[in-house]
Protein chains: 2
Amino acid sequence: MAKRGPYEKGEAKRSEILHAALEIFAAEGYRGTSLRKVAAKCSLSLPGLMHYFDSKEDLLTQVLRMRDETARVRQAERADPHGYREIIREGAKTPGLVELFVSMAAAASDPAHPAHAHFAERYPVLRERVADFVRDGVAEGRISSAVPPERLAVLLIAVADGIQLQWLIDRSTDMEQPIEDLLSVLDPRTAPDGA
Amino acid sequence: MAKRGPYEKGEAKRSEILHAALEIFAAEGYRGTSLRKVAAKCSLSLPGLMHYFDSKEDLLTQVLRMRDETARVRQAERADPHGYREIIREGAKTPGLVELFVSMAAAASDPAHPAHAHFAERYPVLRERVADFVRDGVAEGRISSAVPPERLAVLLIAVADGIQLQWLIDRSTDMEQPIEDLLSVLDPRTAPDGA
DNA sequence: GTCTATACGACGATAGAC
DNA sequence: GTCTATCGTCGTATAGAC
């Protein structure tokens, strides 16, 4: 809707708030970041900020949603339709944001949490994208068909999420090596040493 | 340390607090559980509880440590020296505790967090245990040696941690299937369909 | 619709009496 | 070792100016 009108300014401010929140959480982590800090960064009072969001959890959920969206767009621009490796790299790099993602996923285990819906729809979509990647790999002979693509997708996503936990504790952890190891093990062309 | 004396009661109370905290977090989740609730369950005031712990994060860290310890003992009793599958199952079942584990791992990304040291020493130990399991598997021909055991260990732990995130959102997720799939793919005896 | 001011209840934490 | 009392900060709720 390219509708001009009274909503224009509000949407701009809402976007400014989301970007400011993202920046602060990236810099200072999930813990110890208050809404008052975010409000101050936007030259706003706390209630002024809350005018745009239902709650702190709602704001955080939208920050996560925005991150996912920009990552998705960037990926589409590269004409990398189901580059599984890119899906992995997208989340990484910034400890504060990985911490945000993991913390939100934990909190979203409560079905009443605003982020629950986000994750509940994100995982099936992600699974389907990765399953497509797997199907392509199978067709090209890069990936074994011993396990159904849907189940391999669950496995690949688990590796991507899980390695982030290890990386959060030890930043020297190589987040791409396990992925490459798994893909290499899945590759039928890699002659397995038959016992 | 069979020393009798003034510490006896204190240690008992400390243990009671840890068990009470574990129970409450298991039942009500990580969010929305306050120290005052834990204190009440122990017939104690908040400061009375804080006498035993430096901070909330310190208490939570010790809860996690206790869980790890009991799981380790239970495993040793079974003479299941490096049962990798048991390591996986140990964490599961209770959403509140999985949520606690994931939340703590995220918070522990800060080196100043009391749980950081716990995870920082836990992961290498876990990695070594799983690597032993892998080495046994390689010796028995159950696991391919295409990837070094140390790297397979990282991969296996990532799967175990990562699948928990998916399970937190969708409880119908099978947490053992991806593990079995991975082990099956790693098995050289499973004839790969050569393209 | 956008925003400020003010206030509320609950939290984790601490000081000091007993 | 345990208490009462209190502190500062958090997220949230409401009233009302523009």
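Per chain, numbering begins at 1; letters A, B, ... match sequence-line order. These numbers come from the heavy atoms of this one structure, side chains and all, not from hydrogens, waters or symmetry mates. These numbers come from a predicted model, not from an experiment.
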Figure out the [atom1]/[atom2] separation between [X] and [N], and round it to whole Å.
{"X": "B:I24", "N": "C:dC11", "atom1": "CD1", "atom2": "C1'", "result": "15 Å"}
{"X": "A:L49", "N": "C:dC3", "atom1": "CG", "atom2": "C1'", "result": "11 Å"}
{"X": "A:F53", "N": "C:dC3", "atom1": "CZ", "atom2": "C1'", "result": "15 Å"}
{"X": "B:K13", "N": "D:dC3", "atom1": "NZ", "atom2": "C1'", "result": "13 Å"}
{"X": "B:R31", "N": "C:dG12", "atom1": "CZ", "atom2": "C1'", "result": "18 Å"}

*Within less than 4.0 Å of OP1 or OP2 of C:dT2, is there a side-chain N or O belonging to A:H51?*
yes
Answer yes when [X] and [Y] have at least one side-chain N-carboxylate O distance shorter than 4.0 Å, and no when they do not.
{"X": "B:R31", "Y": "A:E57", "answer": "yes"}
{"X": "A:R72", "Y": "A:E69", "answer": "yes"}
{"X": "B:R135", "Y": "B:E150", "answer": "yes"}
{"X": "B:D187", "Y": "B:R142", "answer": "no"}

*Shortest non-hydrogen contact from B:F119 to A:I169?*
CB-CD1, 3.6 Å
Under 3.5 Å between N/O atoms: give me all the protein pairs with nucleotides 10-13 of chain D, atom names plus distance.
{"residue": "D:dC10", "atom": "OP1", "partner": "A:S34", "partner atom": "OG", "Å": "3.3"}
{"residue": "D:dG11", "atom": "OP1", "partner": "A:K56", "partner atom": "NZ", "Å": "2.8"}
{"residue": "D:dG11", "atom": "OP2", "partner": "A:L35", "partner atom": "N", "Å": "3.1"}
{"residue": "D:dG11", "atom": "N7", "partner": "A:R36", "partner atom": "NH1", "Å": "3.0"}
{"residue": "D:dG11", "atom": "O6", "partner": "A:R36", "partner atom": "NH2", "Å": "3.3"}
{"residue": "D:dT12", "atom": "OP2", "partner": "A:K56", "partner atom": "N", "Å": "2.8"}

*Contact check, side chains of A:K37 and A:E28, non-hydrogen atoms, under 4.5 Å*: yes
